[in-house]
Each structure stands twice: as structure tokens, then as C-alpha cells.
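Below, chain A is the first sequence line, B the second, and so on; all start at residue 1. Atom set for the values below is all heavy atoms of this structure, side chains included, hydrogens, waters and symmetry mates excluded.
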Amino acid sequence: MKRSHHCGELSLTHVNQTVTLAGWVASRRDHGGVIFIDIRDRYGLTQIVFDSEENAPLHAIADRLRNEYVIAITGKVSERPEESHNPHLPTGSIEIRAHELDVLNESIPLPFTAEDDVQTSESLRLEYRYLDLRRPKMQQLLQLRSQVSHLTRNFLHEHQFLEIETPILTKSTPEGARDYLVPSRVSPGEFFALPQSPQLFKQILMIGGMDRYFQIARCFRDEDLRLDRQPEFTQIDLEMSFVDREDIIQLIETLIRLIFKETKQIEFPNPLPRLTYEEAMGRYGTDKPDLRFDLPLQDLSEFAKSCDFQVFRRAIESGGMVKSLIIPNGAAFTRNRIDNLIDTAKEFGAKGLAWVKISEDGKLDSSIAKFLNTEALRAALPSANPGDLLLFVADQARVVHQVLGRLRLLLGEELELIDRTRWEALWVVDFPMFEYDDTSQRHVALHHPFTAPHTEDIPLLDSEPLHAKTLAYDLVLNGFELGGGSIRIHSPRMQEKVFDLLKISKEEAKEKFGFLLNALESGAPPHGGIALGLDRLIMLLGQTESIRDTIPFPKTQKAQCLMTHAPSSVSPEQLQELSIRTTTKKPAAS
RNA sequence: GGGGCCGUCGUUCAGCCAGGUUAGGACGCCAGAUUGUCAAUCUGGAAGUCGCGGGUUCAAAUCCCGUCGGCCCCGCCA
């Protein structure tokens with residue numbers, strides 16, 4: 001019994017045809033003389049009718065069906081009685097009057113049903129992922145993921161890209177995230193690392209003359225998990241030779257437009273807006289601003305310079321700044337709510353959070369009101385209105401931006417300022433090359449150490465390296481970093497200089513990146529590229545709340561797979577073969 | 001490494017603050033009834049080591065300590 005149709009396609013146009021469907025029993029409604037079975041597959045649901053008057057032996061078999069049994073049925077497509085059409089179901093105008101039933105497999109009673117509105121814990125869903133995957137929502141998300149991969153592959157092939165695989169067993173890289181290590185049996189005591197990204201290999205491919213490379217690449221990072229972070233994740237990774245920043249931005253905008261249009265009929269402005277890193281940080285306190293709502297940070301440093309409030313003045317005098325958020329209608333906040341905001345600001349790293357309510361008559365209501373000149377403040381914040389609440393942070397720029405940026409997001413959520421129907425994509429460009437890391441007392445690369453500086457900023461590398469900007473670019477959507485890339489360094493002298501500034505010694509550079517430095521000496525073309533997070537892209541496109549919903553077999557926050565129970569201990573023999581001894585107390589598996 | 005929330009029949013929750021007879025509801029499951037349901041309905045039934053360990057107490061799901069697991073966040077994620 002081979003199926004002739006799937007469970008989502010039959011309609012009134014098929015009436016009187018004899019069809020065969022196969023799928024899972026989604027529900028059974030037993031009315032005695034007649035039994036209704038909903039049969040489900042990836043495509044939909046169809047109602048099957050077993051009538052004891054039409055076929056008593058078949059009805060008796062149907063009586064034994066239970067949820068999630070796998071069945072095949074043959075029968076005639078019939079229009080339902082007029083009052084029994086189900087408008088909620090695409091196939092709701094028809095039903096199959098069965099005359100053959102094949103029970104292909106039975107099922108034990110299961111912990112939850114394969115319905116979208118099933119209320120169950122995520123750990124149970126992960127343990128029984130095969131059931132969870134039967135739910136229409138999960139099926140749609142994986143279909144969406146497949147569709148996006150397909151569109152991407154087609155698009156890039158049309159643009160002369162070669163799809164090339166890079167190694168999964170590779171060399172541990174020193175900077176950046178923690179590596180997943182894989183012991184080598186034939187080289188006792190030595191380890192491969194799983195790639196955090198194909199970065200170095202794709203640069204080598206450019207030097208190898210491949211010109212345009214892409215890969216839908218699995219990447220691994222042994223860091224703690226979050227809502228939008230998994231230890232293994234997938235990137236749409238690409239690299240191009242003989243291009244500049246504009247070429248790559250153009251290409252990716254075209255791809256993103258195609259994906260959003262084809263899958264969700266979402267249109268973006270052309271070109272996408274851009275903010276420099278400095279603008280993004282200054283206005284939104286983050287390098288991945290959510291532009292679905294405004295609520296910008298307001299610079300009050302000029303006002304603060306001459307005001308009587310010492311906290312503000314001192315912040316300016318010690319090279320810091322004062323910025324403010326104007327919370328519309330926030331004057332109605334209770335003292336308790338404001339106290340909670342102050343605590344939150346402290347958790348975010350602020351020393352304090354000053355606040356001012358502007359009452360309906362324009363007067364200031366605040367514990368620091370006596371230090372503030374009302375006219376000067378209103379002049380400094382022309383967009384503040386009576387009824388608003390002003391929140392101030394005075395500190396070094398990094399703290400001010402971090403605290404107010406996060407308060408902006410928090411209040412945007414709480415006050416429901418975020419328009420969930422909007423899609424706001426933008427590029428953030430001109431990232432600084434380095435930032436100074438206080439703990440290690442050295443410069444660290446903001447992007448990665450292979451990122452090329454702006455040509456006009458090259459002299460700054462010697463004089464003021466912290467002011468040098470790079471040819472890096474991040475694509476941001478609704479406050480999530482969708483991807484980032486850069487034009488790379490192709491000059492071996494420049495690469496050495498950057499390693500030097502990062503305090504990576506010649507020996508270390510040679511030992512870790514010798515192959516890259518050699519390759520750069522061997523005729524490296526100018527090149528650049530980008531990597532887009534596929535899982536996050538699907539999460540946003542599919543409007544699901546967690547990256548785990550876009551990955552068929554994700555890990556929990558402890559980086560474990562609840563279905564297979566990986567990771568797990570291994571036999572002493574396996575360890576011995578790998579020259580490994582563990583120091584944990586957990587006994588090895590026998 | 002740190003902070004928060006959670007853990008009770010197969011599932012999802014109530015009960016815990018204020019300890020006390022037989023731990024309760026809904027869904028699911030099992031049996032019976034039922035010829036137009038699509039959250040089917042009706043009747044009956046089974047089902048729990050209250051995550052685990054220890055402590056306090058005459059008595060612990062309930063209070064205390066520890067521990068394990070799940071989720072969210074900070075740190076971390078070039």
C-alpha cells in the first residue's frame with residue numbers, strides 16, 4: 001500500500017477519487033457505530049471515517065487504533081455532510097471513507113501529544129525529541145531552515161561561489177572562545193580542536209585561488225549557553241577575493257532580501273541603514289541596536305559640565321560623560337519602581353542612577369532637583385515633555401553605554417514600546433580595531449586579528465591604535481547580531497604588525513599562525529567575507545523564542561543532549577588507547 | 001564561577017507561607033456506552049518513593065541544610 005497523496009492536499013476537487021494516505025493517528029473519536037481518525041503527516045491532517053454499516057470488520061480494526069499508531073488507509077474522498085465541514089482545517093471539507101486499513105506500527109502511550117499547543121516542559125521535549133519534531137511548529141521551523149539553506153545555496157551558486165568543506169578536526173586557536181578538543185590516538189597527548197569558525201581555512205582558500213567560497217558550516221564553541229547560543233551552531237560562511245566592503249555588503253543585502261521576501265514576504269528598505277559603531281554605541285548603548293523602537297540615549301555632557309550636581313561634574317572632569325533616557329509618561333512610576341530601576345542599573349554596572357520626573361506643570365520632581373537648573377535642563381533635553389521620567393547615568397563612556405543601553409531594552413520591553421510587527425535590519429560599520437583590556441593590560445582585537453584597518457587609519461596603528469577603525473561590518477536585525485565580517489589583512493607585514501600590537505610574539509605567531517603568515521607571503525589576493533548565524537536567522541524568521549527550536553537536536557544549558565545523554569563517560573580501554581587519564585571522581589562506563 | 005525561578009500520578013498544575021487522618025483537579029491512559037465528531041460526549045477505574053540525601057519534630061510534600069536536574073540572566077562568547 002503506497003500512499004498516493006499526502007495528508008494536507010486533498011480537497012473538494014478530489015471527491016470520488018480513491019486515494020491512499022499514510023501517517024500517524026493524531027486523534028481518534030469513537031462514536032460507536034462510526035469512528036473518526038485524524039491522520040497526520042508533515043503536510044497536514046485528514047479525517048478518515050470508519051463506518052460499521054459500510055464495513056464492519058474494518059471498523060473493528062479501527063476500534064483498536066490509538067494515538068501515534070502508524071497507519072496506511074485506502075478509501076474514497078467524500079465531501080463531508082454540509083453541517084460537518086471544519087473551517088479550521090485546510091482539508092476540512094472532505095473526509096476519506098476507508099475501505100482498507102493497514103496498521104504499519106503501534107505506539108505506546110506517550111508523554112505528550114504532537115500538537116502545537118501542548119503544554120510540556122522543554123526538558124521533556126528534548127528527551128522525546130522525536131515526538132516533539134512531529135509537532136507542526138517544529139516541522140515548519142525545520143522546513144523553513146531547509147528552505148533558507150536552499151535559497152542561499154542557489155543564490156551563491158548563481159554568483160559563482162564554490163561550496164567547499166573545511167576540516168572539522170583542526171588546530172586549536174589561542175584567542176577567542178574555548179575550544180572543544182578531540183584527542184589524537186596516533187599522536188598521544190596531542191589534540192585536535194573543533195573549529196570555532198572556518199576563518200583561517202577560508203582565507204587560505206582565497207590564497208589558493210578559489211576566488212569565491214561558501215559553506216553552511218558547523219562551528220563549535222565551548223562557552224556557556226544562552227537563549228541564542230548553542231555549543232554547536234551553523235553559519236552561512238563566505239569569502240571573496242578582489243572585493244571591497246561595499247561588494248560584500250551589497251551581496252549580503254541581496255541575499256537577505258531574497259530570503260525574507262521568499263519565505264515571509266518581508267521587504268527591507270534598499271539600501272539598509274548603516275550606523276557607525278560610534279553612532280550605535282552613542283545613541284543606543286550597544287553595537288546591536290534594536291531599532292523597532294526609538295528611545296535614544298541623550299547626551300547631557302555639555303549640560304553636566306556646568307551644573308551644580310557634583311556627581312555629574314566629576315564624571316565629566318574625569319573624562320567620562322552623562323547620558324539620559326527620556327521615559328515617556330514615566331513620571332507616573334512609583335517610587336518603588338524607580339528604586340527597582342536603580343537596583344537594576346547597579347547590577348548592570350552603574351554606581352547609581354539619578355532620576356528626575358517632569359511634572360505636568362513643567363517643574364522637576366527629584367531628589368537632585370535642587371542641583372539642577374530647570375530651564376537649562378529643559379533646553380538640554382528639548383524632546384522631554386511634562387509627564388516624562390528622566391534617568392541619568394554619569395560615568396566612563398563604557399559604563400554609561402552599557403547601563404543605559406540595557407535599561408533602554410528593558411524599558412522597551414516593559415513599556416511595550418517594541419513593535420513586534422516591524423523588521424529593522426541595519427549594518428554597523430567602522431568598528432575600532434582594538435579595545436584595551438584592563439585585566440590582561442593589553443590591546444585585544446574587537447573583531448578578530450585578521451581584520452584589515454581602514455586605509456586612512458593605518459598611520460594610527462603607530463600613534464593611537466585605539467582610534468584605528470576597521471573594515472568590519474555587522475548585520476543586525478531586531479537587536480540580534482545576525483552576522484559579521486570584514487575585509488581581511490592580506491599583507492604579511494600588516495598581519496605581523498597587528499600580532500605585534502596584540503602582544504602576540506613572533507614565536508607564538510609562527511607556532512599558531514605560521515601557515516597563514518607563509519601563505520600571505522605567497523601571493524595573497526585582497527579578500528574579505530562574512531558569516532551569518534543560520535540558527536539565529538531562523539529563530540527570527542520563524543518568530544520562535546529560542547535558538548533551540550531551530551536546531552533538531554539541541555543541547556541544554558549544561559551542554560548536554562537529553563535524548564542521547566551525551567556527553568557520557570567512556571570505557572577505560574578507550575581512554576587508555578588515547579593516552580588519557582581523567583581526574584574526576586565519576587566512574588568510567590564499563 | 002555567581003544571581004534568580006522551577007522540580008508533586010504518564011503530562012500539566014493546586015496543596016507548602018501557617019507541619020497533622022485517605023496528597024487533589026484537569027488532560028492522557030484502561031474498561032463500558034455511544035452513527036457526525038474534530039478539545040467529541042457520558043459512566044466507571046487504575047495510576048504518586050511529593051527530584052534525591054540528611055536534619056528538626058510525636059508527626060515533613062510543607063520547616064532547615066546539602067545535592068542533582070531544567071530554564072532565564074551576569075561573567076564568558078576574538
Original post:
Do T74(A) and H99(A) come within less than 4.5 Å of each other through their side chains, counting heavy atoms only?
Top reply: yes

Original post:
With a 4.5 Å heavy-atom cut-off, do E414(A) and R337(A) have their side chains touching?
Top reply: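 Yes, at least one pair of side-chain atoms sits under 4.5 Å.
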
Original post:
So what does P81(A) touch, heavy atoms closer than 4.0 Å: a base, only the sugar-phosphate, or nothing?
Top reply: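 Touches a base.
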
**OP:** Assign E95(A) to base, sugar-phosphate, or nothing according to its heavy-atom contacts below 4.0 angstrom with the strands shown.
**Re:** base

Subject >> Cation-pi geometry met for R134(A) and Y128(A) (6.0 Å, 45°) >> reply: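 Pair R134(A)/Y128(A) does not count as cation-pi.
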
Original post:
Can you tell me how far P in rA26(B) sits from the matching atom in rG44(B), rounded to whole Å?
Top reply: 12 Å

Original post:
So which one's nearest nucleotide on RNA chain B is more toward 5', H85(A) or F348(A)?
Top reply: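 Whichever sits nearer the 5' end wins; that is H85(A).
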
Original post:
Closer to the 5' end of RNA chain B via nearest nucleotide, is it G33(A) or D224(A)?
Top reply: G33(A)

Original post:
Of the candidate nucleotides rC71(B), rC38(B), rG69(B), which contains the atom at the shortest distance from the side chain of Q560(A)?
Top reply: rG69(B)

Subject >> Closest to side chain of R97(A), choosing from rC71(B), rG36(B), rG75(B) >> reply: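 Among rC71(B), rG36(B), rG75(B), the one nearest the side chain of R97(A) is rG36(B).
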
**OP:** Kindly confirm whether the side-chain ring of H31(A) is stacked on the base of rG36(B), judged by centres under 5.5 Å and planes under 30°.
**Re:** no

Subject >> d(CZ, R178(A); P, rC76(B)) in whole Å >> reply: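 Between P of rC76(B) and CZ of R178(A): 11 Å.
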
**OP:** Enumerate the residues from residues 45-69 of chain A whose closest heavy atom to RNA chain B is under 4.0 Å, giving them by residue number; use none for an empty result.
**Re:**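 Nucleic-acid contacts, sorted: Q47(A), D51(A), S52(A), E53(A), R66(A), N67(A).
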
